[in-house]
Amino acid sequence: MTGELAINRGVTEEVLGGDYLFAEVARRVAEHTAARGEKPIDLGIGDVTLPLPACVAEALATASAGMGSVEGFRGYPPADGYDFLRRAISELYAEEGARVPAGDIFISDGAKTDLALIPHLFGRCTVYLADPTYPAYRDVNLAAGNGIRYLRADIGNDLLPLPDAACGRGIYYICTPGNPTGAAYDRARLAVWVEHALATGSLIVCDTAYSAFIPEDDTEHPRTIYSVPGAEKCALEVGSFSKSAGFTGLRCGFTVLPSELRIDGRPLRDIWRRYKAITSNGVAYPVQCAAAAALTPQGRAGCRENIKYYLGNARILRAALAARGIGSAPGEMSPYVWFRCPDGLSSWEFFDRLLDRAGIIGTPGSGFGAAGEGCFRFSAFCSRPAAMEAARRLREM
Ligand code: MLT
């Protein structure tokens, strides 16, 4: 016995190596901070900094206090989520002109947990990802042994890849507005994806974690794939309260699995429920009450204020880069600023230089995929003073 495991290594040449991108960034920052003894400005991971809107915090506190009383106590939550929250999300979809019944919505403790489950629903398959994209899509599929094909997002396609002749049957991941580039699919391009998925028998996984950043009066960029006819037959959608309502710490998200979605004659949601039952006991009642409060008119107004603040930070950071002659991708509806590193530096070289010379943490573009090499991402989820100080340092660096 050598202790060397000899289990199947999967169908893809690429393997899950190294650390998760944001863990790697955190490790390097910890080393830097220990050596220098000063805290850098954090424009790295997309973690919110503003407090919850007041009515959301109140709902959380009331439900939590209720757990200490006979009437207010709750045990295991319903496996699919509380109906009051599922109905509130369904109403939100109706406002987008999308018919998503409450019964199609499955509450989770965040998008990442659901994203990690998806590759296990189908057995081995081919997965198509934009490059660059959110690294969790790649990592969970590599861990499941799936083969991955990358579709380059570049200036030629406005950072919004569309299917090409070599795109066959498989699972297609779409994030709109996209992480890290901030590019958002318009209705016509999203319809191309739906058409392709229906024609090839493929599944689309649509991640709408940043859809709340699309301005209210924008009708060109859908906030849900279900506003495109036919999507209910080929797409599941993963939503999150993390960035829209400040739930990165509280944890709440949802996945939409329309009843029309079937695989080998079996409703996909039945397979989903089967897996969920063995991996989760649901989301705490106070957290679901808080999420529902975030969807009330008062809660939504508070969330919109927070989003405006972060978008303001993004504008400040973009202007500081522009002052140094560094153009960034058009990201008016994104909390991320995506740009090419100056002086032909690689992504990690620029990461080191920025940390050393300006005390600023960002995220190396190469961590989002090979096509992100030489690019960089700032998160605008920082405080306003931090954004302004970072802008000052960028101008002087
Ligand atoms: C990001 O910064 O891209 C995400 O918030 C990080 C994550 O969800 O892992």
Side-chain angles (χ1 to χ4, degrees), residues 16 18-29 40-50 108-119 129-143 153 159 173-184 205-213 237-255 303 306-307 310-311 313-314 317 328-329 331 333-339 347-348 351 354-355 360-369 371-372 375-383 386-387 390:
L16 185 61
D19 261 335
Y20 182 53
L21 172 61
F22 297 101
E24 170 73 14
V25 168
R27 190 184 60 72
R28 294 190 187 209
V29 170
I41 298 175
D42 194 350
L43 308 180
I45 192 165
D47 192 5
V48 294
T49 51
L50 290 173
S108 72
D109 68 352
K112 209 188 227 170
T113 316
D114 281 358
L115 287 170
L117 180 59
I118 291 165
L129 302 180
D131 181 8
T133 196
Y134 178 42
Y137 307 149
R138 176 195 60 214
D139 291 359
V140 294
N141 279 290
L142 288 181
L159 300 168
Y173 284 71
I174 293 175
C175 182
T176 183
N179 180 10
T181 65
V205 174
C206 186
D207 182 346
T208 56
Y210 301 96
S211 61
F213 288 77
E237 188 161 278
V238 181
S240 169
F241 287 86
S242 286
K243 315 291 159 89
S244 59
F247 274 50
T248 53
L250 275 184
R251 313 301 311 148
C252 193
F254 58 91
T255 291
C303 293
N306 289 0
I307 285 170
Y310 295 134
L311 289 173
N313 287 346
L317 295 170
S328 43
M333 46 187 97
S334 166
Y336 298 125
V337 179
W338 178 251
F339 58 96
S347 301
W348 280 108
F351 173 88
L354 199 63
L355 194 55
I360 296 174
I361 306 165
T363 308
S366 55
F368 297 94
C375 295
F376 210 74
R377 190 194 82 172
F378 282 152
S379 157
F381 284 113
C382 53
S383 70

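Side chains included, hydrogens not; waters and symmetry mates left out as well; all remaining heavy atoms used. Because the structure is predicted, anything quoted here is derived from the model rather than measured. Numbering of ligands and ligand atoms starts at 1, following listing order. For this chain, numbers begin at 1 and follow the sequence in order.
- Between the Asn313 side chain and the Ala380 main chain, a donor and an acceptor come within less than 3.5 Å of each other.
- When atom types are taken as modelled, the side chain of Lys243 and the backbone of Gly46 share a donor-acceptor pair closer than 3.5 angstrom.
- Side-chain atoms of Ser108 come within 3.5 Å of backbone N or O of Gly110 as a donor-acceptor pair.
- A side chain to side chain donor-acceptor pair (under 3.5 Å) with Asp207 is found for exactly one of Tyr173, Tyr134, Tyr137, namely Tyr137.
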Contact table, ligand 1 N/O with protein N/O, distance under 3.5 Å:
from: ligand 1; atom 1: 2 (O); to: Gly46; atom 2: N; distance (Å): 2.7
from: ligand 1; atom 1: 2 (O); to: Arg377; atom 2: NH2; distance (Å): 2.8
from: ligand 1; atom 1: 3 (O); to: Asn179; atom 2: ND2; distance (Å): 2.8
from: ligand 1; atom 1: 3 (O); to: Arg377; atom 2: NH1; distance (Å): 2.9
from: ligand 1; atom 1: 5 (O); to: Gly46; atom 2: O; distance (Å): 3.4
from: ligand 1; atom 1: 5 (O); to: Lys243; atom 2: NZ; distance (Å): 2.6
from: ligand 1; atom 1: 8 (O); to: Tyr134; atom 2: OH; distance (Å): 2.8
from: ligand 1; atom 1: 9 (O); to: Tyr20; atom 2: OH; distance (Å): 2.8
from: ligand 1; atom 1: 9 (O); to: Lys112; atom 2: NZ; distance (Å): 3.0
from: ligand 1; atom 1: 9 (O); to: Tyr134; atom 2: OH; distance (Å): 3.2

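- Applying side-chain contact (heavy atoms from CB on, under 4.5 Å) to Ile360 and the options Asp42, Leu43, Leu317, Leu355 leaves one that passes, Leu43.
- A donor-acceptor pair is defined here as one N or O able to donate and one able to accept, closer than 3.5 Å; no such pair exists between the side chain of Tyr310 and the backbone of Phe213.
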